[in-house]
Structure formats: structure tokens, C-alpha cells
Amino acid sequence: MSDLSSITDAVESMVGPFDNDGNWEEIIRRAQADDAVIPRHESGSQTSWLRRRGTGLHRRKVGLAIAVAAGVIVGSAVAAVTLIGQPAPQGVQASIHRSAVVLFAGHPGLVKATARVVAESRDATLYGISDRQGNYCVELVGARKGLVWWFTCGFGLRVNGQYVTGGTTGSDQVASIVVDGVEPPVVQWGRLASGTSKARAIYADGTTEEIPVGSNGFFVYQPSPKNQPLARRVPMTIQFLRKDGSTVLSTQVLPPQPVAVRGVPGTASATISGRVLIRGAAAIQVDALGHGLNPKTYYLPIRSDGTFVLTQRRGRPTGLYVVDRHNRQLSNSLPLVPETYWRSLIAQAQGRSVLSASRIRTANRARLGGGAGSLYAKTRRVNWTDVQTITGGRVVYHTTKITTVADTYTIALSVTNRSEGAVELRTYPPKQPIGYVSPESFGVAYRGPTAHRPFVNTRATTFSPVLPKSLQPGESWQGTFSGRTRELLKHHDWWIFFGMVVPGGHWVSDKTFST
Amino acid sequence: MAVMQREGATLDDLQEVYERRLGELRRVAAAIVYDRELACDVVQDAFVRAVRTRKSFSGSGALEGWVWRIVVNAARDARARARLLEVVPNSDELNDFFAPDEHDVGQRQAVRAAIERLPERQRLVLFLRVYADLDYCAIADAVGISDGTVAATLNAAQTRLRELLSEVRR
């Protein structure tokens, strides 16, 4: 102990310090996913039912049967909320493992890792393995007709002794293959850079969408149905942001174009066709391998209706992209996957858990009440005006936006006092016990199951900005209120509750929104 | 005067502890499980548990103490599981873990060997004191013992370590 002066120093030197670079969002996501596994009362009722049965072998058998049944229910419920963390199907495991063995031989942890779902969108799943040094392999697989697919591995960087993830928008070669006439949706994937926690997509016309992030910074971005046509036509910029909202990295991503592949590219019977939707497109540049695997490039004309067909044999075409009249690249580079290969991918998806994921979702939604609830943020822009008549005038509620994500809702609105006197605004905590009076306040409500279908209200817990205690004549409050209830996952139709205002009481909107 | 005792922790409070204390939490977990990567996972899992059970935080002590207890328990569980599955690191891996640099390898091995011979509670209290700089009260919260016991345990650990290390020197 020559240069360590004390016990404390000795212990201190034993385990080196760690950085504070964490991932809080992952914790919240995982906690919420676990929360949503099964309603507590359901699991509780199974336990109490079991307790009433006899003892001994019979009980153990019943217990086992229930455990298996509960496992099935729990499994499907998890899938309905999120598939993140679920193991990849065998085929995906195998392809990722094969690459990891070659590329990451010095990282036994990565080679042995089980590929899992690391991000997902409505129609595509990203499977992957990764380590803390930033190395990873991922496979993107579409889950519907029309095939979205790509596979890649990446390496981490070491900067000043720290391993960092440089961040990627790995969408420059995502295959977008038309299957049986069905075009797949535009799907982009990527991984956040170290130090960033959010991502968003910005289109040339200024449209912006937040990108949901999966585990370990991976994401799959599937533009909303409204923005799908735009995502085919114009480039988008994907930005990585720090927690404080500042931008760290902006990358332009070129739009993929749908391509149909028949046969094996490069053989006499092969046909490759597609449709170009990009503005300013002039030709298709084809990258091919000629004799001796020498790279060749040639161009195909685009027809007046935007379609093109590649039939001639000029080497083995490996990929193509759209160019403008100055030969500048306008689309992502579309890998030309032989038909047998993409058909095997689809078979694999259908036969294993890729498509079964969507089947599980469908089944589970049915179990929860026929399609209620959505994992994905659903925003409805509305222009609803509700007028509550009170003594001396009225209170006007103007609702502009309703957002639901899983079990959370947010309502954007304004409240205006159009009466001669001041009105008080009162709210009540969500869990206030019901007594003789059951006051209602701002929130959302569904119709209860009993004969007269009473409203069951979920009161808001958060107001932004803070709701004033009162509104003077002519005065308005504009903001949002939000709350959380598992019932959003179970019930389709919802009403908005306003108030309570004094004088006046609460007011229920006569319009409904559905989850 | 009525004293309002807050029940449940908020996400903001937990996030604040996470962001402020993550490095120390990981370091203590690493000292328990002997694996830096596993320590990061342990802390992450512990916070998932904390978020899920935040409503059960009674508010009678400091939130940070409650979090420390969850992390320490998670690390001990992970260590026990590793022993059960016989995936505890071999001596080479331990040397890599404890002494990534060539410098001081012998000394650190001696310290590690000495610490390994301490009873578990003494080790834990020592880690919390040295790596997290927790005061006696916070250590008491984290380990579930009284302040006085913390002081006595820490003193006993230091005395025992001094003896063990002097044996090594001889």
C-alpha cells in the first residue's frame, strides 16, 4: 500500500467512476409496458378464485392451467402495447447471429446476444443486438403485404476514451418492394446519437412529426398516413435533439420509391419495374455488375406516367435510384433483392412472429373491446364549440385538438366567460371518493355498461398553463388538460367533460371522439 | 399541528434522483456485481421497478434512500443470480474489471481480496460511503439499518480491512 494513503483511497481506486449518461425514456417506456400487461383486478380475481378451490394435486393442476392461460393473456397484452424487448423470430436471429460472428468476433457478448425487437412502427419491426460500445446489427422487416426490408451492422466510435454512438438514419438503402400489386408504406429507421434523446422528421413544406424512439436509441419512423404521399415525393430531414430541444444532428433522407422485382435480377426472365413519384425525376440510374464483377452504370428512361421497366440484360443489376436531369440522386438507393429472397422473407414473416405480432395486436384489441386504444399518438384537430348556459350569460368551450397515446389523453381548448359576472373554475382530484355529491371536472368520459349507461369520468390531472381560480366577464383561459386512464384502451367512444364552473356546474360535450 | 406525510413519489422526483445520482448508483452496483455492464443494467432495471412501485413510497424517509435500497437489492439479487448460474467472473475477468490499467494491479488485487473477505453488510456500507459519499442517515435508509449500526459497521469494516491489508504487506 505504498502510494495509497488510506483504506478509503484503496477502495476508491478499486472501481472506476461511471458517467451519468442514462436513458430515462427507456425506463418510462419499460415501466409503462409492464404496467399495461394486465389489469390488476384480472390477475387478482384469478388468484382469489384459485384460493377457493380445493387443495393438493387438483389445485396444482388448476394452478398450472391458469398460469399457462395467464401467460398467454399476458403475452398477448404485452404485444398489444409494445413488442419492444420481445425476441426476434428464428430466421432473424440466425441472420443477425451470422453477421455478428463475422463482424464482432472479439465481442462474445454481442455474438451470443439474443436479437430482440428494438423499435417498431405500425407496419414494420426493427430487430437488433447492440452493446455499450455502440456496435450493433439490425434487421428491418415489414409486417404487411408490400415488403419493407433492410439489414445492416454498425460500429461504435471511441472518442476521448468514451464509446459513443454516432447516430444513423440508416434509410438510404431500405428496400420498398411491391408485392402482389401492394406498395409498402414509407418506413425509415435509425439510431439516436449519444447525448440525444429525441428525433423528429421535417419535410420540405415545413410539416414536422415526432419520431417515437424504441430501446437503446433505435427508432422506426413510419410517416403518418397523411404524410405518406409526401414522404414518397420529397426528401425529409431527420433531426436528433438533446433533452433541452437543441438540435445535434440533421440528416437529409431521400424518399424510397416502390419497385417490383420478378425473377432474379440479371437473368433473362427477370423484370424489374417501378413507379417514380419524386418531383423533378429524369431517369433511373442502374448500378450493375458486369463481367468479372466490374461495376457498370446505365440509365433507364421514365415514362410519362412515372413508371419504368428494366428488362434488358446488361450485367447483374444490384440497385437503382432516381436521378434528376443533372444526374443528381433524388431517391434512396433501392437494393434489388431476388424474388426468391423477398418471398422467403415474407414467408418467414408470415410463419413466425413478425406477422403474428400484428395478429396478436388484432386479437388483443378485440379482447380489450374491439380496437380501442392505440400505442401510437393519435391527434385529432377539431373545431368544436360547446356553450353552457349559466345565470347571467354563458360559458363557451372551444376544443381544437384531442391527442391520445395509449392510456393518456390531452385536450387543447379555450374557456371563455361570456356572462355578466365572474365564474369560478373548480377541479377535483381524480381519485376523490364518491359521496352524496360526485362532482365532475375537466376530463374525458365513457358510457358505463349498466342499463342507463351513465358517464364514467376520468378527471384531468394536469393543466397547462395552470387553470385560473376564476374568469372575469369576457376573460378566457386557453391551454390543455390531460389525464391518464387504462379505460382508454378498452372503450371506443369518449365525451369531453368541462367545468365545474360556479355558477353553472359541469358540462358534457355533445360530440364524441373515438380512440 | 397536523403533519402531512406525502404518499408516493412523482416521476419528476425519480428522474431528478436518476440524473443526479446515476454515476454513483452504477458504481456501487458495479462493486456489488463485479461487472460494469451488468451494473448499468441493474440500475436501469431498479429504476423501472421504482417507477412502477413509486406509489408505494411512504414518504417517511428520503426518496433517494428508497431508491438506493431498490438499487442495492437489485444488485444483490443480480449477484445471487450470477452465483446461481455460475457466471461469476473468473480471476482474469475480475482483474480486467478492477484494474483496467497496468498501474497498481497488485495493490488493487490486494484490496479486492481483502474486501471480499468482509461480511456482506460491511462491504455494502463501505461501498455506499466511499463510492456514493452517502452520510450515515442515507446509508441507514439504503441498507435498512439504524444510523448507529452504520457507524459501527463502517468502523468495523475499516478496522478489518486495515488488518487484512497489513497481513498482505507482511
Side-chain angles (χ1 to χ4, degrees), chain A residues 1-38 40 84-85 107-110 112-113 130-135 156 161-163 197 215-216 242-244 408 429-431 461-462 484, chain B residues 11 14-15 18-32 34 36-37 39-41 43-54 97-101 103-104 106-112 114-115 123 126-127 129-131 133 157-162 164-166 168-169:
Chain A
M1 303 300 295
S2 56
D3 60 345
L4 295 175
S5 58
S6 68
I7 296 294
T8 303
D9 288 344
V11 178
E12 172 77 39
S13 69
M14 199 179 74
V15 179
F18 280 75
D19 60 35
N20 266 329
D21 187 16
N23 187 345
W24 179 252
E25 285 75 22
E26 186 202 346
I27 290 170
I28 298 298
R29 250 190 327 273
R30 285 178 53 196
Q32 285 174 344
D34 290 349
D35 275 351
V37 165
I38 196 163
R40 300 258 184 266
I84 290 171
H107 301 73
L110 206 54
K112 288 179 195 163
S130 60
D131 65 12
R132 292 185 189 282
Q133 297 176 4
N135 305 313
Q162 296 274 326
Y163 287 103
S197 60
S215 65
N216 294 328
R242 289 194 191 92
K243 198 175 283 180
D244 63 6
T408 308
K431 286 183 181 168
T461 50
T462 309
R484 192 173 176 191
Chain B
L11 282 178
L14 284 171
Q15 186 177 4
Y18 181 79
E19 286 172 353
R20 186 164 48 81
R21 281 300 208 169
L22 186 58
E24 288 99 341
L25 289 161
R26 284 173 168 172
R27 201 171 176 195
V28 169
I32 297 170
Y34 293 158
R36 292 178 75 88
E37 284 198 14
C40 294
D41 290 343
V43 173
Q44 204 75 353
D45 291 347
F47 267 92
V48 171
R49 196 180 304 172
V51 166
R52 260 191 279 147
T53 58
R54 64 188 184 279
F97 169 67
F98 285 119
D101 305 321
H103 186 61
D104 286 346
Q107 288 166 352
R108 290 180 203 195
Q109 278 177 343
V111 174
R112 193 229 323 148
I115 285 176
R123 260 185 292 151
L126 192 68
F127 293 151
R129 180 76 184 134
V130 175
Y131 295 140
D133 198 22
Q158 285 172 333
T159 308
R160 181 78 183 122
L161 263 186
R162 211 167 281 131
L164 290 168
L165 290 170
S166 62
V168 170
R169 279 205 299 272

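In what follows, every chain begins at residue 1, and chains take the letters A, B, ... in the order their sequences are listed. What you see below is based on every heavy atom in this structure, not just the backbone, and it leaves out hydrogens, waters and symmetry mates.
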### Under the salt bridge (charged side-chain N to carboxylate O under 4.0 Å, His left out) test, residues paired with Glu25(A) that sit two or more places apart
none

### Query
Is it the backbone or the side chain of Arg129(B) that comes under 4.5 Å from a heavy atom of chain A, or both, or neither?
neither

### Task
Using the test side-chain hydrogen bond (donor to acceptor under 3.5 Å, both in side chains), find all partners of Lys112(A) that sit at least two apart in sequence or belong to another chain.
none

### Query
Which pair of heavy atoms, one from Phe18(A) and one from Ala39(B), lies closest together, and at what distance?
CZ-CB, 4.4 Å

### Task
Tell me, with the steps shown, if Tyr18(B) and Ile27(A) meet side-chain contact (heavy atoms from CB on, under 4.5 Å).
CA-CA 10 Å; Tyr18(B) 181 79; Ile27(A) 290 170; 3.3 Å; yes

### Task
Give, as side chain, backbone, both or neither, the part of Arg49(B) having an atom under 4.5 angstrom from any heavy atom of chain A.
neither

### Message
Can you tell me which portion of Leu25(B) sits under 4.5 Å from chain A's heavy atoms? Options are side chain, backbone, both or neither.
### Response
neither

### Message
At a 4.5 Å cut-off on heavy atoms, which part of Asp41(B) comes close to chain A: side chain, backbone, both, or neither?
### Response
both

### Query
What part of Asn23(A) gets closer than 4.5 Å to chain B, counting heavy atoms only: side chain, backbone, both or neither?
both

### Query
About how many Å separate CD of Gln15(B) and CH2 of Trp24(A), when rounded to the nearest 0.5 Å?
5.5 Å

